[in-house]
Amino acid sequence: MTPNHAGDVVLTTAQIQQGVQTVAQQLNTAFQGEEAVVLTVVPGGILFTADLVRALTFPVCMDTLSCPHTPGDRHNTSDIVYHPHVSITDKHVIIIDDAIESGGTMKRLVEYVMTGFNVKSLSVATLFVKPGRVAIPVPQYFAYEMINDDLLMGYGLPWKHYSRNLSYIAKVNR
C-alpha cells in the first residue's frame, strides 16, 4: 500500500542498499586501519546508520545528536541536543544522516562539533545530497546527488512526522 502523499519513487529499496554499499566502500577506504566515532543525527539518520555501520570494516563507537528542523529549512535555529556517551576528543568523527537537503542543519552540526570538541577529523556521510545545498567545510561521503530539490519522504525522511519507515524514497505529493 502506498502511503498518502507518496509520489514517484526516486530511490528504490535496491538502489538504497547499493547506495549504502557505495558509502561504506568510501568510508572503508578513507578510514582503513583507523577507528572512528559515528554520530547519528536522530531521528532521520537512524535507518541509514543501521544499514551503513554493518558494512563498515573498521572499528566504530556510536552516539547520537539531534537538531530538529523542517525539511528544506536553511535557517534552522533549534537547539542542538548532544549528551555524549562516548568521548569524541582526539577521535575521527563521522556525522551520519539520511541526506543533506538544504545543508543548513548539517552545517550547524559540523560547526558545533568542530568548535566545541577537539576532534582529530570530522566527516559527513549521507545517502544522498541535493544540488541546492550550502557549502559544508568537511569531507562528505554520499552515494547519490539528486538532480533537483524536490521534497522527499521515506527511508528516514518524514512527511508531517510520518513515512520515515518506508523502505524507498519518493517525492512528496502535497
Side-chain angles (χ1 to χ4, degrees), residues 16 19-20 22-24 26-28 30-31 34-130 132-146 151-166 169:
I16 289 170
V20 168
T22 297
V23 176
Q26 293 169 356
L27 291 171
N28 287 335
F31 293 95
E34 300 288 342
E35 55 184 62
V37 177
V38 166
L39 288 181
T40 303
V41 180
V42 294
I46 292 171
L47 297 177
F48 183 57
T49 299
D51 290 341
L52 181 63
V53 296
R54 290 180 288 193
L56 298 178
T57 57
F58 57 93
V60 295
C61 293
M62 298 173 65
D63 213 339
T64 61
L65 75 166
S66 70
C67 187
H69 71 286
T70 301
D73 182 2
R74 292 180 184 269
H75 306 289
N76 178 3
T77 59
S78 62
D79 291 338
I80 294 172
V81 179
Y82 177 51
H83 302 288
H85 295 96
V86 175
S87 173
I88 60 174
T89 301
D90 200 32
K91 303 281 174 83
H92 295 292
V93 176
I94 306 164
I95 299 176
I96 299 180
D97 202 356
D98 47 12
I100 296 177
E101 295 185 86
S102 69
T105 299
M106 184 59 73
K107 185 174 182 179
R108 285 189 60 222
L109 292 172
V110 164
E111 289 170 355
Y112 173 82
V113 171
M114 287 178 69
T115 60
F117 302 89
N118 186 24
V119 298
K120 187 181 283 186
S121 72
L122 182 60
S123 304
V124 171
T126 61
L127 179 62
F128 68 87
V129 297
K130 287 188 173 178
R133 66 192 182 280
V134 298
I136 300 170
V138 297
Q140 297 170 50
Y141 302 94
F142 56 88
Y144 302 106
E145 185 163 4
M146 296 297 162
L151 188 58
L152 304 174
M153 61 190 276
Y155 195 69
L157 299 163
W159 174 246
K160 296 186 177 181
H161 304 289
Y162 291 94
S163 301
R164 288 185 192 275
N165 61 318
L166 297 177
I169 297 174

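All values below were derived from every heavy atom in this structure, side-chain atoms included, with hydrogens, water molecules and symmetry-related copies excluded. These figures come from a predicted structure and were not determined experimentally.
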**Student:** Quick one: are Ile100 and Phe142 in side-chain contact, heavy atoms under 4.5 Å?
**Tutor:**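 No, their side chains stay 4.5 Å or more apart.
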**Student:** Counting only heavy atoms not in Glu35 (residues, nucleotides, ligands), do more than 12 fall under 6.0 Å from its CD?
**Tutor:**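 Open.
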**Student:** When rounded to the nearest 0.5 angstrom, what is the spacing between CG in Leu127 and CD1 in Ile96?
**Tutor:**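 So the CG of Leu127 and the CD1 of Ile96 are separated by 11.5 Å.
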**Student:** Please test Ile169 against Phe128 for side-chain contact (heavy atoms from CB on, under 4.5 Å), starting from the C-alpha separation and ending with a verdict.
**Tutor:** CA-CA 11 Å; Ile169 297 174; Phe128 68 87; 3.6 Å; yes
**Student:** Measuring only between side-chain heavy atoms, which start at C-beta, is Thr105 closer than 4.5 Å to Val41?
**Tutor:**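 A side-chain contact is absent here, since even the closest heavy-atom pair is not under 4.5 Å.
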**Student:** Does a side-chain heavy-atom distance below 4.5 Å link Phe31 with Ile94?
**Tutor:**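 Phe31 vs Ile94: side chains touch.
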**Student:** So, taking the atom named CG in Leu56 and the one named CZ in Arg54, what distance separates them when rounded to the nearest 0.5 Å?
**Tutor:**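 Rounded to the nearest 0.5 Å, the CG-CZ separation comes to 11.0 Å.
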**Student:** Indicate yes or no for a side-chain donor-acceptor contact from Asn28 to the backbone of Ala55 under 3.5 Å, with no hydrogens or angles considered.
**Tutor:**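 Such a contact is found between Asn28 side chain and Ala55 backbone.
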**Student:** Flag the pair Arg164 / Ile46 as yes when at least one side-chain heavy-atom distance between them is below 4.5 Å, and no otherwise.
**Tutor:**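 Result no, sub-4.5 Å side-chain heavy-atom pair not found.
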**Student:** In this structure, are over 12 heavy atoms from other groups packed under 6.0 Å from Tyr162 atom OH?
**Tutor:**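 Atom OH in Tyr162 is not packed in, count stays at 12 or less.
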**Student:** Drop me the distance from Cys67's SG to Met106's CE, to the nearest 0.5 angstrom.
**Tutor:**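 Taking SG in Cys67 and CE in Met106, the distance rounds to 10.0 Å.
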**Student:** Would you compute the distance between atom CE of Met153 and atom CH2 of Trp159 and round it to the nearest 0.5 angstrom?
**Tutor:**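 Taking CE in Met153 and CH2 in Trp159, the distance rounds to 9.0 Å.
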**Student:** Identify the two heavy atoms, one from Tyr144 and one from Gly19, that lie closest to each other, and give their separation to 0.1 Å.
**Tutor:**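 Residues Tyr144 and Gly19, closest heavy atoms: OH-N, 3.6 Å.
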**Student:** Scan Val124, Ile80, Asp97, Leu122 and name whichever one has a side-chain contact (heavy atoms from CB on, under 4.5 Å) with Leu109.
**Tutor:**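 Option passing the side-chain contact (heavy atoms from CB on, under 4.5 Å) with Leu109: Ile80.
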**Student:** Does a salt bridge link Glu145 with Arg133, judged by any charged N lying under 4.0 Å from a carboxylate O?
**Tutor:**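 A salt bridge links Glu145 with Arg133.
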**Student:** Can you tell me how far the CG atom of Leu52 sits from the CD atom of Gln26, to the nearest 0.5 Å?
**Tutor:**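 Those atoms lie 10.0 Å apart.
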**Student:** For the side chain of His83 and the backbone of Val81, is there at least one donor-acceptor N/O pair under 3.5 Å apart?
**Tutor:**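 Not at all, since once roles are kept as given, no pair shorter than 3.5 Å links the two residues.
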**Student:** Do side-chain atoms of Ser78 reach the backbone of Pro68 as a donor and acceptor pair under 3.5 angstrom?
**Tutor:**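 It does hold such a pair.
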**Student:** Measure across Val42 and Ser66 and return the closest heavy-atom pair with its distance rounded to 0.1 Å.
**Tutor:**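 In terms of heavy atoms, the two residues are closest at O-CB, 3.3 Å.
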**Student:** Provide the closest heavy-atom pair for Ala125 versus Leu27 in the form atom of the first, atom of the second, distance.
**Tutor:**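 Of all heavy-atom pairs spanning Ala125 and Leu27, the closest is CB-CD1, 4.0 Å.
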**Student:** Do the side chain of Arg108 and the main chain of Gly104 share a donor and acceptor less than 3.5 angstrom apart?
**Tutor:**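 Looks like no, no N/O pair under 3.5 Å.
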**Student:** Between Ile88 and Tyr82, does the side-chain contact (heavy atoms from CB on, under 4.5 Å) criterion hold? Intermediate values first, please.
**Tutor:** CA-CA 12 Å; Ile88 60 174; Tyr82 177 51; 3.5 Å; yes
**Student:** Is it the case that the side chain of Glu101 and the backbone of Lys130 share a donor-acceptor pair, with hydrogens and angles ignored and the cut-off at 3.5 Å?
**Tutor:**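 The answer is no, because no donor-acceptor pair under 3.5 Å joins these two groups.
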**Student:** Determine the sole option in Val86, Thr89, Ile95, Val119 for which the side-chain contact (heavy atoms from CB on, under 4.5 Å) test with Val37 is passed.
**Tutor:**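 By the side-chain contact (heavy atoms from CB on, under 4.5 Å) criterion, Val37 pairs with just one of Val86, Thr89, Ile95, Val119: Val86.
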**Student:** Compare every heavy atom of Ser121 with every heavy atom of His92, then report the nearest pair and how far apart it is.
**Tutor:**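 Of all heavy-atom pairs spanning His92 and Ser121, the closest is ND1-OG, 2.6 Å.
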**Student:** As an exercise, state the distance from CG of Leu47 to CG of Asn165, rounded to the nearest 0.5 Å.
**Tutor:**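 Rounded to the nearest 0.5 Å, the CG-CG separation comes to 8.0 Å.
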